[in-house]
A.B. asks: 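To start, I am sharing the structure in question, which I have written as structure tokens.
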Amino acid sequence: MYRTHHCNELRKSDAGENVILVGWVNTVRDHHGVIFMDIRDREGVTQCVFRSEENADATALSHTLRSEDVIQVTGRVEVRPEIDGQSTFNDAIETGEIEIVATELKILNKSEVLPFQLDKELSNEDLRMKHRYLDLRRPRMAKNLRTRHEITKAIRNTLDEQGFLEIETPVLSKSTPEGARDFLVPSRLSPGKFYALPQAPQQYKQLLMVAGVERYFQIARCFRDEDLRADRQPEFTQVDIEASFITEEDIYATIEAMLSSVFETARGIKVPTPFPRITHQEAMDKYGSDKPERRFGCEIVDVTEHFKDSGFGVFKRAIEGGGVVRAINAKGFAGISTGQIKRLEEVAKEAGAGGLAYIQVRGAAHDTWRSPIVKFFSEEELAAIEKDLNIEEGDLILFGCDKWSTVCDVLGRLRLECCAMNGWLEGKDDVLDFHWVIDFPLLDYDEEEGKWNAVHHPFTRPHPDDVALLDDESKWGGIRGAAYDVVLNGNELGGGSLRIHEGDLQAKMFRVLGIDDEEQAGNFGHILGAFQYGAPPHGGIALGLDRLVMLACQEHSIREVIAFPKNNKGMDLMSSSPAEVDFKQLRELYMKSTVQEKKD
RNA sequence: GGAGCGGUAGCUCAGUUGGUUAGAGCGCCGGCCUGUCACGCCGGAGGUCGCGGGUUCAAGUCCCGUCCGCUCCGCCA
């Protein structure tokens, strides 16, 4: 028997018991005559005391203990004594009222000095990843791993209670031309052919509905070969859900129950349900984003009406070209620095704006408003925006003028940038603004390619009121999909839709997307075939588990909640993958690299 | 593919206008210490300033190139 208790278990009531603990040496405080050592396992820390009068051999050995040695301590539980009338209890640890008076010490394995200290934050990501197994010993990381486990458990429990079956779908699957770049796996048994790793189990889960499973879920690993970000990894985990004979309302209720359980488990926060819903149109109009951050104001206001005949040519021309003029009021931000203005200009240009029109409202009187453009505005125009934007002394007004979608994007980003600059979200960590964004557009015209694309994916069902519009190309841009996203504090947690279950509607949808019969048969033949044999009405949703856990753990990167993540370039620095392979391995796969060595 | 920030001791960082032998805290090693809990005190070791080139009497510092890390844009149905 290695141990009788874990390191966060013993309390005052255990005093007098003989116990055995195992774990790592957390810290040693060696006073020569008496040695204190904190032993740590995954549950916590317990103080052990070595005194020569108790056991000379163990005490002698305890002098040699170093951080992170693996040890086994046998001893007696004692209530920590009073010394000179002073309590020696330690409130900082849960076992702080007791200590183990050691009678025996075994060093199970010595440790080299670690490349970094576990009790200090370290900024060198490279080093953390190289020694990830040590990084994960740090309490914050250990806690994140545990929270992740508790969250997946809460998810499984909720879905199980609602009759969902967890079913695995293949990882070796077929490449799909739509969407992200696939990771490919060459097939040895079919020379020259490739599997693709799934970007999502989309088609399999719909086929499970045809199979009569009715309620499916999977905590599924997905793969996308695209560039990475703090919240994007080449392999990531989705909570993938699909159900038959359900409506949007059923999906909303299931996800609300699930997320509420997740945040109660992970953070002890009761999330009120049902979540509010806003339409995609409203989200874009007010917040300039389909995943709005609504914990601060600064909403977008349309002022197009006031500038139709403006003396300011930039606004007037934008409106004449079918565009809009909109603005946000960054309350109290008139004192913005020139550097910050420059930064905002960059943000606006990144989003496609030609420039950035702004007003620093120094005083109540219009002639105190500082701005490169205000001299072109009439008194009526100034009065109108003062009223619509609720302008007061000390405000900063930022304008966007262009076509609707560009203005949404520009002001949406400026709004977030102003928030970051002013710390408007400080102290709002525990405010959880869950909401649904509904009525997404179904199709979106790609001007570069000159074709219509599916906003969500080609299996998304059109809104029942808009199905007829599919026959009239001029109306395609206005078709809503039966699609929805669930958003938390400006982060897309997941999205889904009701699906097309009729073969003829699906074929029509493919034609709208410019996918001809041959391509349909080649890439989607199995699903179109399946739909001919009594496919039930169905729909579903997928949530990004990594991002969900990240938010629950209040981390800023999903790498903090993944045990062994990849770096920015998709590399695992611990195992040095990806790596070159043997010529022999390639030959078996009928593969040959065309990479040229860089010449000097 | 593009932009920004960073790379100085094992770790976290400082390093002024280019100027003597590149510093601090933590860690590490040794010594002292019987009630600490970030133990304390004394002493010590530890550096190719990412790499290459250039300017200069002189480069951690300036210039060019390059590699690596992080963040963002593009991209991610």
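Small disclaimer: the values here were computed from a predicted structure and weren't measured. A note on names: the letters A, B, ... follow the listed sequences, proteins ahead of strands, and every chain is numbered from 1.
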A.B. asks: With sugar-phosphate meaning primed atoms plus P, OP1 and OP2, does Met571(A) contact a base, only sugar-phosphate, or nothing at under 4.0 Å between heavy atoms?
C.D. replies: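 Sugar-phosphate contact only.
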A.B. asks: Regarding Thr27(A) and Arg29(A), is there a side-chain donor-to-acceptor distance under 3.5 Å anywhere?
C.D. replies: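 A pair is found: one side chain offers a donor N or O, the other an acceptor, under 3.5 Å apart.
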A.B. asks: Atom CG of Leu573(A) to atom P of rC67(B): distance rounded to whole Å?
C.D. replies: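 Nearest whole value for this atom pair: 17 Å.
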A.B. asks: Separation of Asn567(A) atom CG from rC70(B) atom C1', in whole Å?
C.D. replies: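 Distance check: Asn567(A) CG to rC70(B) C1' gives 10 Å.
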A.B. asks: For Phe116(A) and rC11(B), is the gap between ring centres under 5.5 Å while the planes differ by less than 30°?
C.D. replies: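 Phe116(A) ring does not meet the centre or angle cut-off for rC11(B); no stack.
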A.B. asks: Can you tell me the distance, in whole Å, between the NZ atom of Lys349(A) and the P atom of rA3(B)?
C.D. replies: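 Whole-Å distance recorded here is 16 Å.
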A.B. asks: Is Arg29(A) near enough to rU36(B) that one of its side-chain N or O atoms lies under 4.0 angstrom from OP1 or OP2?
C.D. replies: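 The answer is no; no side-chain N or O of Arg29(A) sits under 4.0 Å from OP1 or OP2.
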A.B. asks: So, are Glu502(A) and Lys508(A) salt-bridged, with charged N and O less than 4.0 Å apart?
C.D. replies: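 No salt bridge links Glu502(A) with Lys508(A).
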A.B. asks: Answer with yes or no whether Gln47(A) presents, from its side chain, a donor or acceptor under 3.5 Å of a partner atom in the base of rU36(B).
C.D. replies: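 Per atom types, the contact qualifies.
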A.B. asks: Quickly work out the Lys342(A) NZ to rA3(B) C1' distance and round it to whole Å.
C.D. replies: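 One finds 13 Å between C1' of rA3(B) and NZ of Lys342(A), rounded.
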A.B. asks: Go through the side-chain N and O atoms of Gln199(A) and Asp182(A) and say whether any donor and acceptor fall under 3.5 Å apart.
C.D. replies: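 Present: a donor and an acceptor within the cut-off.
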A.B. asks: Where along residues 131-144 of chain A does a heavy atom come under 4.0 Å from RNA chain B, residue by residue in number order?
C.D. replies: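 Of all residues in residues 131-144 of chain A, none places a heavy atom under 4.0 Å from RNA chain B.
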A.B. asks: Less than 4.0 angstrom from a charged side-chain N to a carboxylate O is my criterion; do Arg128(A) and Glu125(A) meet it?
C.D. replies: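 Salt bridge between Arg128(A) and Glu125(A), a charged N being under 4.0 Å from a carboxylate O: yes.
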A.B. asks: Using whole Å, report how far CD of Glu125(A) lies from C1' of rC11(B).
C.D. replies: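 My rounded result for the distance is 14 Å.
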A.B. asks: Aromatic rings Phe223(A) and Phe183(A): how do their planes relate, parallel, tilted or perpendicular, breaks at 30° and 60°?
C.D. replies: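 Ring orientation of Phe223(A) relative to Phe183(A): perpendicular.
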A.B. asks: Describe the nucleic acid contact of Ser123(A) in one word from base, sugar-phosphate, nothing, applying a heavy-atom distance below 4.0 Å.
C.D. replies: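 Contact class for Ser123(A): sugar-phosphate only.
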A.B. asks: To the nearest Å, how far apart are Asp126(A) CG and rC11(B) C1'?
C.D. replies: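 So the two atoms are 14 Å apart, to the nearest Å.
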A.B. asks: Closer than 4.0 Å, any side-chain N/O of Thr27(A) to the OP1 or OP2 of rC37(B)?
C.D. replies: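 Negative; the distance criterion is not met.
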A.B. asks: Determine, stepwise, if the pair Glu555(A) / Asn144(A) fulfils side chain to side chain donor-acceptor pair (under 3.5 Å).
C.D. replies: CA-CA 9 Å; Glu555(A) 293 286 357; Asn144(A) 288 353; 2.9 Å; yes
A.B. asks: Check this for me, if you would: do Arg140(A) and Glu560(A) make a salt bridge, where the nitrogen-to-carboxylate-oxygen distance has to be below 4.0 angstrom?
C.D. replies: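 Salt bridge flag = yes for Glu560(A) with Arg140(A).
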A.B. asks: Indicate for each nucleotide in nucleotides 27-34 of chain B, in 5' to 3' sequence, whether protein heavy atoms under 4.0 Å reach the base (B), only the sugar-phosphate (S), or nothing (-).
C.D. replies: SSSS--BB
A.B. asks: Is it true that Ser575(A) and Asp572(A) share a donor-acceptor pair across their side chains at a distance under 3.5 Å?
C.D. replies: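 Yes, a side-chain donor-acceptor pair sits under 3.5 Å.
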A.B. asks: How does each nucleotide of nucleotides 71-77 of chain B score, in 5' to 3' order, for protein heavy atoms under 4.0 Å: base (B), sugar-phosphate only (S), or none (-)?
C.D. replies: BSBBBBB
A.B. asks: Please work out if Asp225(A) contacts a base, only the sugar-phosphate, or nothing of the nucleic acid, heavy-atom cut-off 4.0 Å.
C.D. replies: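 Result for Asp225(A) = nothing.
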A.B. asks: Which part of the nucleic acid, if any, lies within reach of Glu99(A) when heavy atoms closer than 4.0 Å are counted: base, sugar-phosphate only, or nothing?
C.D. replies: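 Base, at least one base atom sits under 4.0 Å.
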A.B. asks: Can you spot which of Ile479(A), Leu442(A), Asp444(A), Leu443(A) makes a side chain to side chain contact (heavy atoms under 4.5 Å, CB included) with Trp452(A)?
C.D. replies: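 It is Leu443(A), the one option of Ile479(A), Leu442(A), Asp444(A), Leu443(A) that forms the side chain to side chain contact (heavy atoms under 4.5 Å, CB included) with Trp452(A).
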A.B. asks: Please determine if Arg415(A) forms a cation-pi arrangement with Phe296(A), meaning its NZ or CZ atom is less than 6.0 Å from the six-membered ring centre and no more than 45° off the ring axis.
C.D. replies: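 Arg415(A) over Phe296(A) ring: yes.
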A.B. asks: Students often mix this up, so state it plainly: with edges at 30° and 60°, are the rings of Phe440(A) and His280(A) parallel, tilted or perpendicular?
C.D. replies: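 Tilted.
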A.B. asks: Between atom NZ in Lys130(A) and atom P in rG10(B), what is the gap in whole Å?
C.D. replies: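 In whole Å, rG10(B) P lies 13 Å from Lys130(A) NZ.
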